[in-house]
Amino acid sequence: MSFLLRAARPFAFVLPVTLLASPMMAQDVAASPVPAPQAAQGENEVPWLYQGSDVPVDREWLFGDMNNGLRYAVRSNGVPPDQVSIRIRIDAGSLHERDDEQGFAHLLEHLLFRESKYLGFAEAIPTWQRLGATFGSDTNAETSPTHTVYKLDLPGASPAKLEESFKLLSGMIREPVLQARNLEAEVPIVLAEKRERGGAGQRVAEATRETFFAGQRLATRSPIGIESTLIGATPEAVQAFHKRWYRPENVVISVAGDADREVFAGLIEKYFGDWQGEGAPEPAPDFGDPVAPEGSTGSPAVGETTVLVEPDLPRSFTYTIARPWRPVNDTIVYNEGLLMDGLAQALINRRLEARARGGGSYLYAQVQQDDVSRTSDATFVSFAPLSEDWKAALADVRSVIADATTTAPSEEEIAREYAEFEVAFVAMVAEQDVAPGSRLADNIVQAVDIRETTASPDTVLKVFRDMKPRVTPEAVLARTKALFAGTVLRSVYVTPSVGEADSAAVQTALLMDAAADSSARLAENTISFDDLPPLGEPGVVVSSKDLGVLDIERIELSNGVTALLWPNDAEPGRVTMKVRFGAGYRAFDAEDAPYVGLGEMALVGSGFGNVGQEDLDRLATGRKLGFDFAIEDAVFSFSAQTRGEDLADQLYLFAAKLGDPRWDANPVNRSRAASRLAYDTYSTSPGGLLGRDLEYLLRGRDPRFATPDPAALEGTSPEGFREVWEPLLKQGPIELLIFGEFDRDETVTALRTTFGALPEREPIPAEVAARGSDFPEAGETTVLRHRGDANQAAAVIAWPSGAGVAGLRESRQLEILTSVFNNRLMDEMRERAGASYAPQVRSTWPVDMEEGGRIIAVAQLKPEDVPTFFTAADKIAADLVANPPDADELARVTEPLRQLITRASTGNMFWLFQLEGASRDVERLRSLGTLLTDYSRTTPEVMQGLAAKYFGGREGYRVAAIPEGQDLAEAGSASAVSATSGR
């Protein structure tokens, strides 16, 4: 099977370079023989995952049930090529902690990466990097209330690397080194992570958890833990937690990757087969059931309500209807019920959205059922009131739900939602051969976590289609009623205003009967692409030629539109496409700045011709269509993931938006409201302030990159929106990139009748094309002040770099340099100082512009550690100029980069990104042949030269976000500081 997968790969020839050998010794030695698995379950056995279920077994998986209680599921998968995804799930999370252990499950997750049987102190990160895995993405872990999962996506998985990885993972899981020095190193990192999660959002999350799960274990258990137990953790206490829960019977291992599944099973048995837990296993604690408070009334009983006043957060109201969670037999009938529940929720959510679009009392509203941490089977209702009249918004939302629970939906409504589900399931079937192994391995973890099975896409589609005769209005009504019945109803209301509400007022409002309102039901109406008018006279193909890369064809139409077409079967059933046009950020004058962000939110929703947002939804029913819009440095873009049978309609949507745009006021007004409500939230954390202001500051305070404040938004209008955007949609050449599984001739015909029918484009004015922005002068530190927690801060240091097509090869080498910088900063700020959880260094190199590149280092930390960050970043930059990195340090970044590019190059999106603009600029093709080499080969001397070019003799521009009422901490001879709001 592995050979067949390799033979089917259409991109195996793409990168004409010699792949580098990894410096890791595991690749240079032969792997030891892997024993045949003994615990694998045969074809005639019911696998452990499917006990009590009549769901057809997905026989792509090989299941194993070992004598020591450990279970596994493994399968062969060649997406991406040569990668193996390993997941090790421990059935223990924060709900398994005792009172004096809160945070231990997550702390232990960290400690396993600190030191273990085969990995010395702090060796895990560099070891995985030498194996080609990027720490934080390829190598990661997660702790939830119910489990801890260790994840490895191993690229370039040779037999030796694969065995080495199982060996290392077994040592981490079975025999971590839980000594005092490891706790001393890791607890500050966990506390930094906890601090960075803090602020208003975290306060709301904690209060919501405590309210919604009152009386249950989940109410008092968060995976991040509490400071007192983390600081008080001892080696003995953590070891006791590990001994209690890290036992083979609590472990499930799932593996999916490009090797024989029997090899995976054999390696699991080899490295975990002799593992035995000590003593009798301890049963999991009782998570508890939702119980209504004594004396509560209503149906369901209205229980705990909480009103939170957070001055910088917009209004939000959430209530939940909770029912006890119980394990189920995951049968076909059970799954039919879940699918029916999904249809019911989709139907209600569409009605709620229609009410919001029409100018309702809330910005958004949504209904969602969820089984939460094996604690509660709950239905959540959330919405955002547009004003202080939260009662009106609550009444509006409940009236839509009341109608859904008292009157059956129409056949037309059901058919619409059914078609939406079906197209998604059909796409899953079409794309199953290219489903990445990481997703498949995760699917097993998720199934085990909720105590259910997994099914192949074919099974899901068959179950869904077989149940269609039973999807009647009466059946949907019955499932809808059940979604809103339960043991107890609890709520949380967040408001910026003191005195606007209290718990008693909320309880009273929830106890009032909700009057059913059918006005939000969507009127029966049918619109199809056949009803839409032609966009003009079809254009003519005036040029068609081979681009010279990957059998891609370049087409030019008579109106000047160009297109790159690449029909291929690398991703069955999927077409990736992008439309590039106009001038991007360059197009806007300073006074137009507030309309930039509004355009990103409202332009698509405004529709085209006589087609509004509701009509757009109807046109998309039963199709796989997308309509993403983005504003880039020098171009606007529409993009979508579609499929061959929908490609012509997708092209019509995009072309109609350019050729006959509609100017609907409602999407603009709704976007203005959303922007106003969101603005104050930026001030609740240092990260929020950087998200609001950093781009503006790095662009030399160019108004086009400013986040508009409420005063600026007040000056906008639907009429002003049209005045700004209408001429921009007519400017600049159009380029399309269409890569995927489609018929070439049919697509050319569709191009002629859509984009080919548009009038010739107006040129981008010369003064617009010449616009750029200035990088700020270094010197004084720009200080932003947030209104979040007093122990939170963030710091940024940035240097200007390059841009443009001519420097593409240099930009790739610069990625290597910044990766080295990132490793050093991570080591300094996280591993040594414990001052920051995840400092980052990244490089930006615009291709469509000749300026605007930058290197940015950023970290979240305590206010007093801001000077430490600046000192560390300056020291690293200076050292890179003075002393080149050695071969091992380079190998730790080039091998993961090589693997990343190799994997990414098997997908259409990667090549689409590489070839943007190439239909008009052949220079973009010249550096393709060196792509992999540029990212994976370098020398210490090249790195030193780049460091001298971009860091030498140049001070970085600094930004610090600190709490209001504090002064920026100083350190020694730190540069002078000036306080500013950032505007």
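These values consider heavy atoms only, across backbone and side chains, with no hydrogens, waters or symmetry-generated copies. Because the structure is a prediction, the values reported are computed rather than measured.
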Legend entry - Evaluation steps, side-chain hydrogen bond (donor to acceptor under 3.5 Å, both in side chains), between Ser438 and Asp153: CA-CA 7 Å; Ser438 57; Asp153 294 327; 4.8 Å; no
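- Proximity of the aromatic rings of Phe636 and Trp725 is defined here by a centroid distance below 6.0 angstrom, and this criterion is met.
- Looking at Trp911, its side chain does come within 3.5 Å of a backbone N or O of Ser905 through a donor-acceptor pair.
- A salt bridge links Asp138 with Arg903; the closest basic N to acidic carboxylate O contact falls under 4.0 Å.
- Put simply, the side chain of Glu60 never gets that close to the backbone of Ser76: no donor and acceptor are under 3.5 Å apart.
- With contacts defined as side-chain heavy-atom distances shorter than 4.5 Å, the pair Val604/Lys657 does not qualify.
- In this structure, the ring of Tyr696 has its center no less than 6.0 angstrom from the ring center of Phe705.
- When side chains are defined from C-beta on, Phe739 does not count as touching Met577, because their heavy atoms never get closer than 4.5 Å.
- The pair Glu735-Arg554 fails the salt-bridge criterion, with no side-chain N (NZ, NE, NH1 or NH2) lying under 4.0 Å from an Asp/Glu carboxylate O.
- Between Asp848 and Arg586 there is no salt bridge, since no side-chain nitrogen of the basic residue lies less than 4.0 Å from a carboxylate oxygen of the acidic one.
- Atom-to-atom distance recorded for Arg623:CZ and Leu653:CG is 9.0 Å, nearest 0.5 angstrom.
- Between Arg439 and Asp442, none of the side-chain N atoms (NZ, or NE/NH1/NH2) sits under 4.0 Å from a carboxylate O, so this pair counts as no salt bridge.
- Ionic pairing of Glu553 and Arg744 is present here: one or more N-O contacts between side-chain nitrogen and carboxylate oxygen are shorter than 4.0 angstrom.
- A distance-only check finds a donor-acceptor pair linking the side chain of Asp531 to the backbone of Ser528 [under 3.5 Å].
- Between Phe654 and Leu658, every side-chain heavy-atom pair lies at or beyond the 4.5 Å cut-off.
- Within the 4.5 Å cutoff, side-chain heavy atoms of Phe721 are placed close to those of Leu603.
- The distance between the ring centers of Trp799 and Phe951 falls below 6.0 angstrom.
- In this structure, Arg662 fails the cation-pi test against Phe608, since its NZ or CZ atom is not both closer than 6.0 Å to the six-membered ring centre and inside 45 degrees of the ring normal.
- Looking at Gln83 and Leu154, their side chains never come closer than 4.5 Å, going by heavy atoms from C-beta outward.
- Proximity of a side-chain donor or acceptor of Asn559 to a complementary backbone N or O of Phe755 within less than 3.5 Å is detected.
- Proximity of a side-chain donor or acceptor of Gln813 to a complementary backbone N or O of Arg937 within less than 3.5 Å is detected.
- A salt bridge does not link Arg618 to Asp615: none of the charged nitrogens lies less than 4.0 Å from a carboxylate oxygen.
- At a threshold of 4.0 Å, the pair Arg809-Asp934 counts as salt-bridged, since one of the basic side-chain nitrogens sits closer than that to a carboxylate oxygen.
- By the 30° and 60° cut-offs, the orientation of the rings of Phe629 relative to Phe638 is tilted.
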Inset, instruction - Report the C-alpha separation of Asp258 and Asn77 in whole Å, then their side-chain angles, then the decisive distance to 0.1 Å, and conclude whether the side-chain hydrogen bond (donor to acceptor under 3.5 Å, both in side chains) test is met. - result: CA-CA 5 Å; Asp258 200 358; Asn77 174 273; over 6 Å; no
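- Of the charged side-chain nitrogens involved, at least one lies within less than 4.0 Å of a carboxylate oxygen, so that Glu916 and Arg580 count as a salt-bridged pair.
- The backbone N or O of Pro567 lies less than 3.5 Å from no partner atom in the side chain of Glu741, so there is not a single donor-acceptor pair.
- Between Arg699 and Glu695 there is a salt bridge, since at least one side-chain N of the basic residue sits less than 4.0 Å from a carboxylate O of the acidic one.
- Taking a cutoff of 4.0 Å between a charged side-chain nitrogen and a carboxylate oxygen, Arg416 and Glu420 do not qualify as a salt bridge.
- Judged by distance alone, the side chain of Glu556 and the main-chain N or O of Val542 form no donor-acceptor pair under 3.5 Å.
- The existence of a salt bridge linking Asp589 and Arg704 is excluded, since no basic side-chain nitrogen approaches an acidic carboxylate oxygen closer than 4.0 Å.
- In this structure, the side chains of Met943 and Thr938 come closer than 4.5 Å at one or more pairs of heavy atoms.
- Although no hydrogens or angles enter the test, the distance criterion places no donor-acceptor pair under 3.5 Å between the side chain of Thr930 and the main chain of Thr933.
- Between Leu619 and Phe529, the closest side-chain pair of non-hydrogen atoms falls below 4.5 Å.
- Considering every non-hydrogen atom in both Glu810 and Leu946, the closest pair reads CG-CD2, 3.7 Å.
- Of the possible polar contacts, one joining the Ser801 side chain to the Arg854 backbone as a donor-acceptor pair under 3.5 Å is found.
- Counting only heavy atoms from C-beta outward, the side chains of Ile552 and Leu565 never approach each other to under 4.5 Å.
- The backbone N or O of Pro667 sits nowhere less than 3.5 Å from a side-chain atom of Gln613 that would complete a donor-acceptor pair.
- Pairing each heavy atom of Pro572 with each of Val434, the nearest pair is CD-CG1, 3.3 Å.
- The pair Arg898-Glu895 counts as a salt bridge, with a side-chain nitrogen and a carboxylate oxygen less than 4.0 angstrom apart.
- The pair Glu762-Lys730 does not meet the salt-bridge criterion, since no charged nitrogen lies less than 4.0 angstrom from a carboxylate oxygen.
- Under the side chain to side chain contact (heavy atoms under 4.5 Å, CB included) criterion, Val541 pairs with Ser544, Ile555, Leu557, Val748, Arg752, sequence neighbours left out.
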